[in-house]
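These numbers come from the heavy atoms of this one structure, side chains and all, not from hydrogens, waters or symmetry mates.
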Amino acid sequence: MELRHLRYFIAVAEEKNFSYAAQRLHIAQPPLSQQISALEAEIGVKLFNRKKRPLQLTSAGQVFLAEARLVLTQVEHAIIQTQRASRGEIGELIVGTNSSIANSLLPDMLRIFRDRFPNVKLVLRELTAAQQIQELHNRRLDIAFDRLLNSYQQNTALCYLPIARESLVIALPKTHPLASQSQIPLQDLANEPFVLPSTELVPSYTEIIHLCQQAGFFPNVVQEATWMITVLSLVAGGVGVALLPSNVQNLQRKGVVYKPIQDANLTREIVVLWRQEDTSPVLHEFLKVIQELTD
């Protein structure tokens, strides 16, 4: 049995006449009669009472008509959904997020993408940059965000696209003696307690340690924290100062002020990463949105 047999049967049932059904289907009447007879033989049931005029369905034929219509409706739905999936209009995308991307580009990415593709399910997973890369390799994440590393440039399994450059700022307690200065030389923090994320959790913060060493001191890290909001809470509480990406200024944390670093021009290039072999239309539509925002 093929789908065309169901279409032939439905046409005959609706027209109640083989000749009219044949005209509707643009085929000759004898082959149509033969196809319906073959269908009845295949399922072992008479579908039409041919002795009555107009042609009438048997009780079994009435059941088969309802089911045949459901089958064709489901097939049409499957075709439409498949075509939509091929255009990236439906599906699922698992996006890794961290504090940096959440405080900068992520809100606009989500807004534009949801406006264009409201039927795509976006799953956001809040992970450190290192965890995102691991989950990307483990195929539990479709997109990750991190600073640009040499290892990414040499990794043929991953593709990357630069999307932003970010500088660093100093986060201070509002009552700190240096809070009144418009800019702060990094060496002025030599004797300050620091709050930093663990370098094991956020490897890019090794750059901050190197920057301090270039200024002539090793930061006295008195407390480690993973998430930016936690770091800011510790700064507000007077635990220490912190060096953070400039996008942190989008977070107006009570008790914290942000100051530029005097005579320092350290910037980090942020990239979006995905698996090279991932051909998901949803993924590539999301990448198009990112490119529009960052071009």
Could you grab the distance from atom CD1 of I170 to atom CD of Q262, nearest 0.5 Å is fine? 9.5 Å

L3 CG to E76 CD distance, which is reported to the nearest 0.5 Å: 10.0 Å

What's the verdict on side-chain hydrogen bond (donor to acceptor under 3.5 Å, both in side chains) for Q56 and N49, showing C-alpha distance, side-chain angles and the deciding distance? CA-CA 5 Å; Q56 291 187 5; N49 185 342; 5.4 Å; no

Nearest heavy-atom neighbours spanning P219 and I209: CG-CG1, 4.1 Å

Got a second to check how far E2's CD is from R7's CZ, nearest 0.5 Å? 10.5 Å

Do L196 and L186 land in one hydrophobic cluster if side-chain heavy atoms of ILVMFWY residues count as linked below 4.5 Å? yes

I need the minimum non-hydrogen distance between Q187 and F217, along with the two atoms involved. CA-CE2, 4.0 Å

Test log, rule side chain to side chain contact (heavy atoms under 4.5 Å, CB included), inputs K259 and V169: CA-CA 6 Å; K259 299 294 178 179; V169 295; over 6 Å; no

How long is the straight-line distance from CG of L65 back to CD of E14, given to the nearest 0.5 Å? 6.5 Å

Check whether the side chains of H176 and E192 place a donor and an acceptor atom closer than 3.5 Å, and report yes or no. yes

Might you work through the side chain to side chain contact (heavy atoms under 4.5 Å, CB included) test for H5 and Q35, ending with a clear yes or no? CA-CA 7 Å; H5 294 129; Q35 292 290 338; 2.8 Å; yes

Within 6.0 angstrom of N191 CG, more than 12 heavy atoms from elsewhere: no

Answer yes or no: is there a side-chain heavy-atom contact under 4.5 Å between C212 and L243? yes

Does any non-hydrogen side-chain atom of I43 lie less than 4.5 Å from one of M1? yes

Return yes if some donor-acceptor pair links the side-chain N/O of S104 with the main-chain N/O of N247 below 3.5 Å, else return no. no

Are K16 and L57 close enough that some pair of their side-chain heavy atoms sits under 4.5 Å apart? no

Under 4.5 Å between side-chain heavy atoms, hopping through other hydrophobics if needed: is there a path connecting L273 to L105? no

Is I270 reachable from L287 through a run of I, L, V, M, F, W or Y residues, each pair having side-chain heavy atoms under 4.5 Å apart? yes

Under a 4.5 Å side-chain heavy-atom rule over Ile, Leu, Val, Met, Phe, Trp and Tyr, are V282 and V123 clustered together? no

State, yes or no, whether a side-chain contact exists between V256 and S233 at a heavy-atom distance under 4.5 Å. no

Just so I know, are the side chains of L110 and V95 near enough to count as touching, which here means a heavy-atom distance under 4.5 Å? no

Correct closest heavy-atom pair for D115 and P118 would be O-CD, 3.9 Å

So, using ring pair (Phe, Tyr, Trp, His ring centres under 6.0 Å) as the criterion, who are the partners of F48 when residues are at least two apart? F9

Using every non-hydrogen atom in the two residues, find where V120 and G88 come nearest and quote the distance to one decimal. CG2-O, 3.5 Å

Keeping to residues at least two apart or across chains, list the salt bridge (Lys or Arg N to Asp or Glu O under 4.0 Å) pairs with something in residues 167-188. none

Just how far is it from atom CG of L136 to atom CG of L127, taken to the nearest 0.5 Å? 11.0 Å

Going by distance alone, is a donor N or O of one side chain under 3.5 Å from an acceptor N or O of the other, for T128 and Q131? yes

So if you build clusters from Ile, Leu, Val, Met, Phe, Trp, Tyr with side-chain heavy-atom gaps below 4.5 Å, do V241 and V257 land together? yes

Between L47 and L39, is there a side-chain heavy-atom distance shorter than 4.5 Å? yes

Start with the C-alpha distance between D142 and W274, add both sets of side-chain angles, then the distance that settles side chain to side chain contact (heavy atoms under 4.5 Å, CB included), and finish with yes or no. CA-CA 6 Å; D142 298 314; W274 66 97; over 6 Å; no

Donor-acceptor contact present, side-chain Q132 to main-chain F145, <3.5 Å: yes

Side-chain atoms of residues 288-295: list all donor-acceptor pairs with protein atoms under 3.5 Å, sequence neighbours left out, distances to 0.1 Å.
unit_1 : atom_1 : unit_2 : atom_2 : d
K288   : NZ     : E285   : OE2    : 3.4
E292   : OE1    : R116   : NH1    : 3.3
E292   : OE1    : R116   : NH2    : 2.6
E292   : OE2    : R116   : NH1    : 3.0
T294   : OG1    : I290   : O      : 2.8

If the plane angle is over 60° it's perpendicular, under 30° parallel, otherwise tilted; pick one for F113 and F117. tilted

With a 4.5 Å cut-off on side-chain heavy atoms, are I94 and R140 touching? no

Stepwise side chain to side chain contact (heavy atoms under 4.5 Å, CB included) test for L72 and I10: CA-CA 10 Å; L72 291 186; I10 291 172; 3.4 Å; yes

Shortest non-hydrogen contact from A242 toward V231: CB-CG1, 3.7 Å

Under 3.5 Å donor-acceptor, Q252 side chain and Q249 backbone: yes

Atom CZ of F194 and atom CD1 of I208: how far apart are they, to the nearest 0.5 Å? 9.0 Å

For L32 and F18, work out which heavy atoms get closest and say how close. CD2-O, 3.5 Å

Check whether any side-chain N or O of R53 sits under 3.5 Å from a backbone N or O of N17 as a donor-acceptor pair, and report yes or no. no

Could you tell me if the side chain of L158 sits less than 4.5 Å from the side chain of H137, heavy atoms only? yes

